[in-house]
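Just so it is clear, the model here is predicted, and its values are computed rather than measured. Residue numbering restarts at 1 for every chain, and letters A, B, ... go by the order of the sequence lines.
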Amino acid sequence: MTLDKAGAPARLRIVCLHAEPSLQGRLRALGLGEGEEVQLVGASRRVFYVRTASGGTVALGRETARMIGVEG
Amino acid sequence: MKVFLVGNPNAGKSTLFNALTHGHAKVGNWHGVTVGALEKEGAFGDGRAVYVDLPGLYTAQGRSMEERSARAALDADGDAAVLFVAECATLARVMPLFYDLCRGRRAALVLTKKRQFVRRGGRVDERGLSRLLGVNVFCAEGMRGRELARAAACVAAARPLAGEPVPLPPSCYLPEQAALSPWERLLMKGWFCVPFFLVLLAAAFWLTFAPYAPGAWMKDMIGMLFSDVLGGPARRIPSPVLRSLLAEGLLPALGTVLGFLPQILMLFLFLVVLEESGFLSRLAALTDGAFAAVGLNGRAVFSLVMGFGCTAAAVLTTRGLDDKRVQRRTILCLPYISCSAKLPVFLTLSASFFPHPFLAVLLLYALGVGLALLVALATAGGGRAPFVMELAPLQCPRPIFVAKSLLFQAKQFIIKTATVILAFLLLSWLLSSFDWSFRLAGPQQSMLASLCRGMAWLFAPAGMNDWRIAYAALSGLIAKENVAGALAMLCGDFPYGAASAFALAVFVLTCSPCVSAIAATAHEVGWKRALLYAALQTVSALLLSYFAYFLWRGGAPYAVLAALPPLALLLVRKRHETIHRPRKHHARRVHR
């Protein structure tokens, strides 16, 4: 499933990124790369909050969340 | 020797740069404060070096304009050493970037925000990391002066970095363990965060502009200093020329401009606290959806909020936007965000059309924001980059940092008043006090009157067929504060009624920004486009001022009529998007 379909709160593992290369690079640099364990700590209609392994929090728009494949 | 400071945004590069060079690079709790390379000489061991503070990078290739400019600056000088600045909390994740940027260069790793990291359960061993990575690693927190310069100088003797990123063993590095705090959870909720912001904004406005509030009281004190304490003796000067210069020219004008310094500082206090607390990044995330409807994105919030301080600085921050189209749209919106320089004008004119300056300023600010969003909507189209943003840590603004920021703003304002504004006021006084034979004359017989009489028609449709008003209004193109100063010098109290005062306020609100902002815009979009924007904004500001005058005189029914064209625009765009929306997956399958 994609991140936008997951309900918060949830512990997830990122399996794939369906984004153009520069956005993929940005997501990996923020700790949202393939294989990373993350926590979805908040979700609304338009914004998703993801806590990464380094303890930082990243806000993603719905369009971006749709590009991230996850498993629970 | 040249030393680049590189790393992720908000890692502490500019703070380190300021500590090494005693510079004044802008720092803040936001990912993307630094938007351009800044060079300055500073202590380097027992000698000197040129430090270069670069915008933050997430990846070696860079995605936004500022990241690409940072990468280009690095590539342009292959011999320079590098201080890679990394927050302790994100150290593991930035290792690939460290190797990508520093491979083949003399490099050292500088750790920041260690106290906060350890408090949240993290652990880092600089010596162990140094042995593992083969580079010098030191923590900059708590270091000052010579100690910091000596630590930075270790990079001079370093061997070029080689190898590949390695995982950090637990003996060297343990990530922080702390969970989200209740405040962090609360500020993720739109139902709390946005109203909280509006309450803060209302409180800031009240403290700054309400009668008997601290801001208004301090303004009255400064006004009394210039009009009574200094103005009294000036009015008794025997020499008519000197008396005219001081008592009728400079003192009223400077008193008008400087009188607003406390209120401008209170506004900056609000902006600094908003940015430094980390609240701004949460607001950006929550408003991204709303901004998407007008073709902007949440990251533009930083530029728009900075616009309340200074339009030129806000234009520069648009480099942090990933999307060039959104950058152009944001730059088009920024002139309508009332910068601090417009405050003296608004407060001078507001007394003529509203009994309470607080309400008048609130109305003008709200009008400006509304017009900015309308401009964004009118120019929207073509999609935008997906929203991704790292949230800045929530923290209590450090009093010393806030005090330093306010002192810096006060210094900048006083310097600007003592140079640009004073020069303009002196020239205005000279031209408005003498005729072509250089004899003392009244304003209507002066050189300025004969030069500017031809412009009197500009504001005639707004009830002000007066060259003094036209001159004062257009002087805002040099610096907005000039408008208030020129009005005080040439007219004293505003000589026209409420409708005209409102029309002039609308002109100042919507006119092209000052030359500094035009230059900053030219830097981003080119001179041709910047001058075109300035010309269009000035002409449209004139038309809007006529419209505002007409609305004020006509009342509510005309206000309803005035709302129809923007509503129609919204409806037409919405209908266009509904008809031309991309088919959903099911529809695509059915229609294949």
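The shortest non-hydrogen separation linking Ala53(A) to Pro175(B) is O-CB, 4.2 Å.
Only the backbone of Ala179(B) has a heavy atom closer than 4.5 Å to any heavy atom of chain A. Of the two parts of Ala285(B), the backbone and the side chain both hold a non-hydrogen atom closer than 4.5 Å to a non-hydrogen atom of chain A. Residue contact with chain A, scored on non-hydrogen atoms closer than 4.5 Å, involves the backbone and the side chain of Leu180(B) alike. In this structure, the portion of Leu27(A) lying under 4.5 Å from any heavy atom of chain B is its side chain and not its backbone.
Annotation: maximal heavy-atom pairing with chain B below 4.5 Å, among Ala65(A), Ala29(A), Gly25(A), occurs at Ala29(A).
Here the side chains of Met389(B) and Val58(A) are not in contact, with every heavy-atom distance at 4.5 Å or above.
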Note each donor-acceptor pair with a separation under 3.5 Å, taking one atom from chain A and one from chain B.
residue  : atom : partner   : partner atom : Å
Glu20(A) : OE2  : Arg63(B)  : NH1          : 2.7
Ser22(A) : OG   : Arg63(B)  : NH1          : 2.9
Arg26(A) : NH2  : Glu67(B)  : OE1          : 2.6
Ala29(A) : O    : Arg93(B)  : NE           : 2.9
Arg51(A) : NH2  : Ala178(B) : O            : 2.9
Thr57(A) : O    : Leu391(B) : N            : 2.9
Ala59(A) : N    : Met389(B) : O            : 2.7
Ala59(A) : O    : Met389(B) : N            : 2.9
Gly61(A) : N    : Phe387(B) : O            : 2.9
Thr64(A) : OG1  : Phe387(B) : N            : 3.3
Thr64(A) : OG1  : Phe387(B) : O            : 2.8

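For Phe387(B), there are no ring-ring contact (aromatic ring centres under 6.0 Å, His included) partners at least two apart in sequence or on another chain.
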